[in-house]
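The structure appears right after this line, and notes come after that.
Keep in mind that what you see is a predicted model, and the values were worked out from it rather than measured. In the text below, chain A, chain B and the rest are named by the order of the sequence lines, each starting its count at 1.
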Number of protein chains: 2
Amino acid sequence: METPKRSRTATRARLLEGALEVFAERGFAGASVEDICDQAGFTRGAFYSNFGSKDELVLALFQATTDRLLEQIEALLPDLANQPGTLLDAVLGLLDEAIGDQRQWHLISTEFTLHALRNPDAARALNEQRAMFRASLTRLVEEISAASHLQFSVPAEQFVRLVIAVHEGARSQSLLEPSDVPAGSLEHAFLPIVLDAVSRPSR
Amino acid sequence: METPKRSRTATRARLLEGALEVFAERGFAGASVEDICDQAGFTRGAFYSNFGSKDELVLALFQATTDRLLEQIEALLPDLANQPGTLLDAVLGLLDEAIGDQRQWHLISTEFTLHALRNPDAARALNEQRAMFRASLTRLVEEISAASHLQFSVPAEQFVRLVIAVHEGARSQSLLEPSDVPAGSLEHAFLPIVLDAVSRPSR
DNA sequence: TGTATTCAATACAGAACTGTATCCTACTCT
DNA sequence: AGAGTAGGATACAGTTCTGTATTGAATACA
């Protein structure tokens, strides 16, 4: 009762990996469960014994990514709490790093967001996840601002929302016109502006 | 040999209209040819006698849609530039007015964007259209800022890109969680912040 | 060694979609 | 009024997808 469990999580992982690629290539609706299984080297039997549906798999994918990201950010905190400037760079670096392939990830998350806009069930689940992610980020922001004597002119939660909006909007632009806009340059240009706009030193 | 031709273009138009709604509801991949025909009140016979494939229709729809949007924007610009009111009102007005149904437009344009991210040809066309849109907005911003003695700490084009990024990112959030975030509230909350960040009165 | 269990493969039934081939109707034009 | 034609409807064959029910193999444990 131990090796089977280990192999189970391994197939889960391979299915998630496979799904990442297939979704990026064909889109969420365009990718059949069978495509995903083929890519991962399994049959649908494996899929349905690990996930209840395609939605469930995507949500697992999101959870894994946000978990990883939060973990990495928290690991950074102790060192950088006192240097907000470098912290921003560091966090941006992490975003690039935690998300292996920006293009791939953007495609998938955008697709599923669209899907959620049309499916109340998916929307509920996605919102729940995103709310938890925002809550974690908000807590981090509050800690940082306390430690570094920074005050925000808007509530931390609003600030987090703004950062997410800018990040996603900027990424969309830079992916769409890679020749005019070097990858990530917009994010790196915009976020400091935003940070500057809502923060001021408290003394 | 004239009424048939007129009726032909009429069915084409109705099919395109129907496609717009069905695509918004179910997405490109999720919408079957039959769905589109049902919506338009035809059968697939009509479809295949007017379009070679769904892709072909998507292309035609894209052209028609972007043409229409650009037209509307051009028509709106002179009014906005001359009207009293803040730069912010003008920009928001343009964005809100040119786009009738925010939700439907968001779904469709996001769908197009995703499509473009996978099709270089579509990407070229979309970028061209977006560049013209940005140019219009940039011109508007420059005119108004000159008239109101505002200076920007970043080039107007960058500013426009930032506004677009924030607007799209915010819209995505507010559509996804309508219960937590009233429609448009994020856009209206964020844009003043951004505007404030990059502008200062010149005297 | 034998038994129980767990995970993935396979087989299957039903639904949905596509694209074509054919038929029908209503104009057009003389 | 009658022939020709264009546009759209209908019928159909083939493919693909989904989800479940059953089977088989490998492992854990007694």
Side-chain angles (χ1 to χ4, degrees), chain A residues 1-61 64 108 111-112 114-116 118-122 125, chain B residues 1-61 64 111 115 118-119:
Chain A
M1 200 179 167
E2 186 169 316
T3 298
K5 203 162 219 170
R6 201 179 310 169
S7 89
R8 185 174 184 72
T9 63
T11 52
R12 252 185 87 96
R14 274 171 62 194
L15 282 170
L16 286 171
E17 261 180 71
L20 203 65
E21 296 209 1
V22 176
F23 282 149
E25 258 175 47
R26 314 202 176 176
F28 179 71
S32 73
V33 171
E34 198 156 20
D35 290 336
I36 297 169
C37 297
D38 284 355
Q39 173 77 23
F42 291 102
T43 64
R44 267 172 314 151
F47 180 93
Y48 283 107
S49 109
N50 278 283
F51 302 96
S53 63
K54 223 160 59 167
D55 280 19
E56 203 178 300
L57 175 137
V58 175
L59 287 170
L61 212 53
I108 292 172
E111 296 251 3
F112 191 71
L114 276 182
H115 175 69
R118 302 183 179 109
N119 293 76
D121 285 351
Chain B
M1 198 179 168
E2 185 168 318
T3 299
K5 201 161 221 170
R6 202 178 309 170
S7 90
R8 183 172 187 71
T9 63
T11 47
R12 253 186 86 97
R14 274 171 64 194
L15 282 170
L16 286 171
E17 255 181 76
L20 200 64
E21 296 211 0
V22 176
F23 282 152
E25 263 173 44
R26 315 202 175 178
F28 285 170
S32 74
V33 171
E34 199 156 19
D35 291 335
I36 297 169
C37 297
D38 284 355
Q39 174 76 27
F42 293 101
T43 63
R44 268 172 310 143
F47 180 94
Y48 283 107
S49 111
N50 277 283
F51 301 96
S53 63
K54 207 164 73 169
D55 277 10
E56 202 178 302
L57 174 135
V58 168
L59 205 66
L61 184 62
E111 215 46 83
H115 181 70
R118 298 194 175 95
N119 293 77

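One interatomic measurement links the two molecules: CG of D55(B) to P of dG19(C), which rounds to 10 Å at whole-angstrom precision. Summarising the geometry, the separation between CG on D35(A) and C1' on dC17(D) is reported as 10 Å, rounded to the nearest angstrom. Summarising the geometry, the separation between CG on L15(A) and C1' on dA9(C) is reported as 13 Å, rounded to the nearest angstrom. The nearest whole Å value for the distance from the CZ atom in F42(B) to the C1' atom in dG7(D) is 10 Å. Y48(B) has its OH atom 17 Å from the C1' atom of dT22(C), to the nearest Å. dG7(D) atom P lies 16 Å from atom CZ of R14(B), rounded to whole Å. As a whole-Å value, the separation of R44(A) CZ from dA21(D) C1' is 13 Å. dT10(C) atom P lies 18 Å from atom CZ of F47(A), rounded to whole Å.
Using a 4.0 Å heavy-atom cutoff across all strands shown, S32(B) reaches sugar-phosphate atoms only and no base atom.
Residues K54(A) and G45(B) each lie close to DNA chain D; by heavy-atom proximity, the contact nearer the 5' end of the strand is made by G45(B).
Looking at every heavy atom in both residues, G30(A) comes nearest to D35(A) through O-OD2, 4.1 Å.
Here the side chain of E34(A) is nearest to one of dA9(C), dT18(D), dG19(C), namely dT18(D).
A distance of 10.5 Å separates CD of E25(A) from CD1 of I108(A), quoted to the nearest 0.5 Å.
For the OP1/OP2 pair of dA8(C) and a distance below 4.0 Å, the side-chain nitrogens and oxygens of N50(A) include at least one atom meeting the criterion. Using a 4.0 Å cut-off, some side-chain N or O of T11(B) falls inside it from OP1 or OP2 of dG8(D). Taking only side-chain nitrogens and oxygens, R8(A) never comes nearer than 4.0 Å to OP1 or OP2 of dT6(C). Regarding contacts with the backbone of dG8(D), a side-chain N or O of S49(B) is found under 4.0 angstrom from either OP1 or OP2.
Environment of CZ in R118(A): crowded, with over 12 heavy atoms of neighbouring residues, nucleotides or ligands closer than 6.0 Å.
Using a distance-only test at 3.5 Å, with no hydrogens or angles considered, no donor-acceptor pair links the side chain of R44(B) to the main chain of E34(B).
Between F23(A) and F28(A), the ring-plane angle classifies as tilted under the 30° and 60° cut-offs.
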